[in-house]
Amino acid sequence: MNSLRLLLHLSLGICLAASAADAALYPLQQREQWQFEDPAAWEWQGDAMETTLVLKKPSQYKPKFRRPFNLAWFGGVEWDSFTLTCEARLDAFNKGNNDLCLAFGGAGDSEFYYAHLGEKADGVHLQLHVVNNSDRKAITTTRAETLPWKPGTWHPIKLVRDAASGSIKVWFEGQPVLEANDKTFGKGRIGLGSFDDLGAFRNVVVTPGAVALAEAASMQIEVVAGGGMKVEHASATECQVTQPFGIAFDPQDNMFICEETHRLLRVDAKTGVLNVVTGARAKNAPLGDNGPAKDASFIAPHNLVADAEGNLFIADTYHYAVRRVDAKTGIVTTFAGNGGKELSGDGGPATSAGLDGIACLCFNHDFTRLYLGGFSKVIRVVDMKTGIITTVSGIGGSRAMAVDSKGRLFTAAGLGVRMLGADGKVVSLSDPAATPPLKGVKHLWADRDDNILIADAGNHLIRKFIVSERRLFTLAGVGAKGSGGVPGPALQAQLGEPHGVVTHPRTGDIYIADSRNHRVLRIRQKP
């Protein structure tokens, strides 16, 4: 998606009106696009990208029907289905039921929806309403009893509207608080407004459509390797796979799997037959460098990647090295690491550098740079032309990282990701309404749309972070460890500490190293 980030920081007790689009995110900070019902009540603060729209005093506007007293409408575009996220703050607690509002689908000054986010549920507060040329009417079907508003505290809020089904859902602090189903209005304007309470909004992001969530709900998951009793020379689903950690594909679509139990496996793209490339050997076994892969040894390899020629690069975690298997000859060599558990060798040959528990490898889009992440506090990078290794500056180390097609480097954060841009600046991107927070992330992967797939091992989930929308949601898993639900809907499958997630370079299908269930899973993508 070529969506743009929407930031709008608002002060005082306001109502946020939103409806979404089938177009790209729209720059709400464009001041000339706003229309005020009471211009004297509003003022602008901040620069272009950090615009603050302040409701500086109570409005003198008198609407025809009972609804928020003052709205500032964004007139530049209309939306129908959408996801809205923001952080909201109440600054002054008055007598009575304090609240802020979210409204959407604005067709006119007396035609729109709004969510009245009050402290306590009653006939008016903590309700979803429709205003249709008459006084507001509650349409809520499910709601919470209270909201934990705290003075001067930022609270994450999310509102999702699916115009096709009529579904309206609101989350507060990551918990569902309001739900309704209504099709009175479809496409409409975004606006801001207030009754009489003081507060603020910030990091307001409107995402067009509910397509990604709908696609996730329809995804099916299946086993493609593991679950059998055979060792090799049989269909991958008839063979044993033991604690798979990493998955990679070569240019011929053959799949390679590295296991914590030291083995390297290959699944033939044409036949589906699994063979053992490298068997498990004792930790003190010779490396086997400069010989065939079948005679090499690895210690708990955590990850592997293939370059454009199909050469494999393996994070040989406890040999403190990156090993390379030549695609043509099958010969294994050490590509990086001197075997010492240390951080050394910047500015020199990668083979002379000290590494510390490498757990993740990723190429940039043209295979000119290989990034190394592990258990240390740094990320290293090897220039593929010169073989020189250096430390990446500006972003801390991580065992889980990814590089997208634009060369941006990502690591995991609590509710999203940290991104090191091409300009060298680090930006934290998060979804304040995401639940649960990421826990024990083992791997990241940038898909074809430059969104970040996340192996959320601690939560037994596969998550997806849409970078342009700052939205984190679940692709697979129920949030509890188990092995049931496969095959079937991905959101009903039980996972066991998944340590790897990648996409097939040609089909875009998602492959998951379901580590503690000893299997590799696939989520097929629609053509």
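None of these values were measured; they are calculated from a predicted model.
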- prompt: Where do A400 and L444 come nearest, in terms of heavy atoms and distance?
  reply: O-CD1, 3.7 Å
- request: Considering only NZ, NE, NH1 and NH2 on the basic side and carboxylate oxygens on the acidic side, decide whether D514 and R519 come within less than 4.0 Å.
  value: yes
query: Just how far is it from atom NZ of K328 to atom CD1 of I331, taken to the nearest 0.5 Å?
result: 14.0 Å
field: Any V417 side-chain heavy atom under 4.5 Å of T411 side chain
entry: no
field: Contact list for residues 410-461, test ring-ring contact (aromatic ring centres under 6.0 Å, His included), sequence neighbours left out
entry: none
query: Can H504 and F249 be said to form a ring pair (Phe, Tyr, Trp, His ring centres under 6.0 Å), step by step?
result: CA-CA 7 Å; H504 190 285; F249 291 90; 4.6 Å; yes
message: Within the 4.5 Å heavy-atom criterion, are V520 and I512 side-chain neighbours or not?
response: no
- line: Residue pairs meeting ring-ring contact (aromatic ring centres under 6.0 Å, His included), one or both in residues 323-342, sequence neighbours left out, come to F313-F335
message: Restricting to ring-ring contact (aromatic ring centres under 6.0 Å, His included), what partner residues turn up for H319, sequence neighbours left out?
response: none
- prompt: With side chains defined as the heavy atoms from C-beta onward, is the minimum distance between C360 and Y371 less than 4.5 Å?
  reply: no
side-chain hydrogen bond (donor to acceptor under 3.5 Å, both in side chains) against R463, all qualifying residues, sequence neighbours excluded: D456, T474
query: Would you say the side chains of D346 and T391 form a donor-acceptor pair under 3.5 Å?
result: yes
Rounded distance [0.5 Å steps], CG in D162 versus CD1 in I168: 10.0 Å
message: Applying the side chain to side chain contact (heavy atoms under 4.5 Å, CB included) criterion to L495, which one of L521, V486, N459 satisfies it?
response: L521
message: Restricting to ring-ring contact (aromatic ring centres under 6.0 Å, His included), what partner residues turn up for H302, sequence neighbours left out?
response: F245, F375
- request: Decide yes or no for V332 and T278: does some side-chain heavy atom of the first lie under 4.5 Å from some side-chain heavy atom of the second?
  value: no
- request: Show the numbers, then the answer: is there a side chain to side chain contact (heavy atoms under 4.5 Å, CB included) between D450 and V467?
  value: CA-CA 7 Å; D450 286 339; V467 176; 5.9 Å; no
query: What's the spacing between I247 CD1 and Y511 OH if we round to 0.5 Å?
result: 9.0 Å
Between CZ on residue F473 and CG on residue L461, distance to nearest 0.5 Å: 12.5 Å
field: By side chain to side chain contact (heavy atoms under 4.5 Å, CB included) - contacts of Q252 (at least two apart)
entry: D250, N254
message: For a quick test of reading the model, state the closest non-hydrogen atom pair linking F465 to D431 and the distance between them.
response: CE1-N, 4.2 Å
- request: Using a 4.5 Å cut-off on heavy atoms from C-beta on, say whether the side chain of Q220 contacts that of P489.
  value: yes
- prompt: For Y113 and D182, does a side-chain donor sit closer than 3.5 Å to a side-chain acceptor?
  reply: yes
message: Can you pull out every side-chain hydrogen bond (donor to acceptor under 3.5 Å, both in side chains) where at least one residue sits in residues 284-297? Sequence neighbours excluded, please.
response: D289-R323, D289-T334
Partners passing ring-ring contact (aromatic ring centres under 6.0 Å, His included) against F256 (at least two apart in sequence or in another chain): none
Presence of salt bridge, D383 and R369, under 4.0 angstrom: no
- prompt: Are side-chain heavy atoms of H233 and N275 found at a separation under 4.5 Å?
  reply: yes
Validation row: L420, V392 side chains within 4.5 angstrom (heavy atoms): yes
- request: Quick one: which residue pairs count as a side-chain hydrogen bond (donor to acceptor under 3.5 Å, both in side chains) with a foot in residues 485-497, not counting sequence neighbours?
  value: E497-R516
- prompt: Roughly how far, to the nearest 0.5 Å, is the CG atom of D268 from the CG atom of L274?
  reply: 10.5 Å
statement: A446 and A402 have their tightest heavy-atom pair at N-CB, 3.8 Å
Heavy-atom closest contact (I221 atom, G485 atom, distance): CG2-O, 4.4 Å
task: Only counting residues at least two apart or in another chain, list the ones meeting ring-ring contact (aromatic ring centres under 6.0 Å, His included) with F367.
output: F363
- request: Check the pair V277 / L265 against side chain to side chain contact (heavy atoms under 4.5 Å, CB included), numbers first and verdict last.
  value: CA-CA 5 Å; V277 177; L265 312 176; 5.9 Å; no
task: For S398 and I379, work out which heavy atoms get closest and say how close.
output: N-CG1, 4.0 Å
query: So, D447 and K464, do they make that salt bridge, N to O below 4.0 Å?
result: yes
message: Suppose we screen for salt bridge (Lys or Arg N to Asp or Glu O under 4.0 Å). Which residues come up paired with E342, at least two apart in sequence or across chains?
response: none
query: Partners of D404 by salt bridge (Lys or Arg N to Asp or Glu O under 4.0 Å), sequence neighbours excluded?
result: R408
task: Enter the distance from L147:CG to L178:CG here, rounded to the nearest 0.5 Å.
output: 7.0 Å
